[in-house]
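Notes follow the structure.
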Amino acid sequence: DIRLTQSPSFLSASVGDRVTITCRASQDVNSYLAWYQQKPGKAPKLLIYAASTLQSGVPSRFSGSESGTDFTLTISNLQPEDFATYYCQQVDSFPRGTFGQGTRLEI
Amino acid sequence: QVQLVQSGAEVKKPGASVKVSCKVSGFTLSELSIHWVRQAPGKGLEWMGGFDPQDDETIVAQKFQDRVTMTEDTSTDTAYMELKSLKYEDSAFYYCAAPETDTWYFDYWGQGTLLTVSS
């Protein structure tokens, strides 16, 4: 089974900062990777799909990239509403739908 | 505007079963592939299973294969997830989710249903 390992698990930053979250897949997922944002008490929200395509309505300060089996979510110019938990998800191979363990971004 | 509205919180005893519903509006259920994701309190997201339009079948994560049944009622545009033989560690929020297209990227999410397993 494919495993996704996110790093770091916890990240502390300030408004205006640029942060990077990494998701490493245990095998090739052919760019079939998404990033979600989840705020406390809310359902997750799709930010990026196909590794680097921004979901409609998501601010352009969010971006995704990939290098082999390493995927990166970058948030530029952090805003107060960006402090949340972020998850990656692979949809390439069974079990499709697998999530990473999450990265909590706090002020 | 697609909306997924789930049934309310449940409290069940160990060994019992629970059936969570997810009503679709804005689309018909037949136009969506419903998936189920759970999240234990303070923990991460765990995909449980869902409909794969490419294989035209419901796929369930191995961990849940002997305990989960996912069904749909197209007459009421409602999807159901039944979890049997409940354990304390099944206490979690259960979300239904769906992609907008024939992908597995979940554009739409229900509000979540809290299941508490307690004796």
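Throughout, protein chains are lettered first and strands after them, A, B, ... in sequence-line order, and every chain is numbered starting at 1. Note that the structure is a prediction, hence the values are computed from the model and not measured.
Using a 4.5 Å cut-off on side-chain heavy atoms (C-beta onward), Tyr105(B) and Tyr32(A) make contact. The shortest side-chain heavy-atom distance between Leu46(A) and Phe106(B) does not fall under the 4.5 Å cut-off. By the 4.5 Å heavy-atom criterion applied to side chains, Glu46(B) and Thr98(A) are not counted as neighbours. With a 4.5 Å cut-off on side-chain heavy atoms, His35(B) and Arg96(A) do not count as touching.
When the side chains of ILVMFWY residues are joined at heavy-atom separations under 4.5 Å, either directly or via intervening members, Met48(B) and Phe93(B) end up in two distinct hydrophobic clusters. In the hydrophobic cluster analysis, where Ile, Leu, Val, Met, Phe, Trp and Tyr join through side-chain heavy atoms closer than 4.5 angstrom, Ile107(A) is grouped together with Leu78(A). Note on Tyr80(B): it does not cluster hydrophobically with Val60(B), by side-chain heavy-atom contacts below 4.5 Å among ILVMFWY residues.
Contact annotation for Val37(B): only side-chain heavy atoms (C-beta onward) come within less than 4.5 Å of a heavy atom of chain A. Looking at Gln6(B), there are no atoms closer than 4.5 Å to chain A (heavy atoms on both sides), in backbone or side chain.
Of all non-hydrogen atoms in Ala43(A) and Gly110(B), the two that sit nearest each other are CB-O, 3.4 Å. The minimum heavy-atom distance between Trp109(B) and Pro44(A), with the atom names listed, is CD1-O, 3.3 Å.
When each of Gln101(A), Gln38(A), Lys45(A), Gln55(A) is scored by its heavy-atom pairs under 4.5 Å with chain B, the top score falls to Gln38(A). For the set Gly97(A), Gly100(A), Pro95(A), Gly102(A), the count of heavy-atom pairs under 4.5 angstrom toward chain B peaks at Gly97(A).
Note on ring orientation: taking the six-membered ring where Trp is involved, the planes of Trp47(B) and Phe94(A) are perpendicular (angle over 60°, cut-offs 30° and 60°).
Environment of CD in Gln62(B): sparse, with no more than 12 heavy atoms of neighbouring residues, nucleotides or ligands closer than 6.0 Å. Counting heavy atoms of neighbouring residues, nucleotides and ligands inside a 6.0 Å radius, atom NZ of Lys42(A) does not exceed 12 of them. More than 12 heavy atoms of other residues, nucleotides or ligands sit less than 6.0 Å from atom CZ of Arg61(A). More than 12 heavy-atom neighbours from other residues, nucleotides or ligands sit within 6.0 angstrom of CD on Gln27(A). Counting heavy atoms of neighbouring residues, nucleotides and ligands inside a 6.0 Å radius, atom CZ of Arg24(A) does not exceed 12 of them.
If you take CD on Gln39(B) and CZ on Phe99(A), they are separated by 9.5 Å, rounding to the nearest 0.5 Å.
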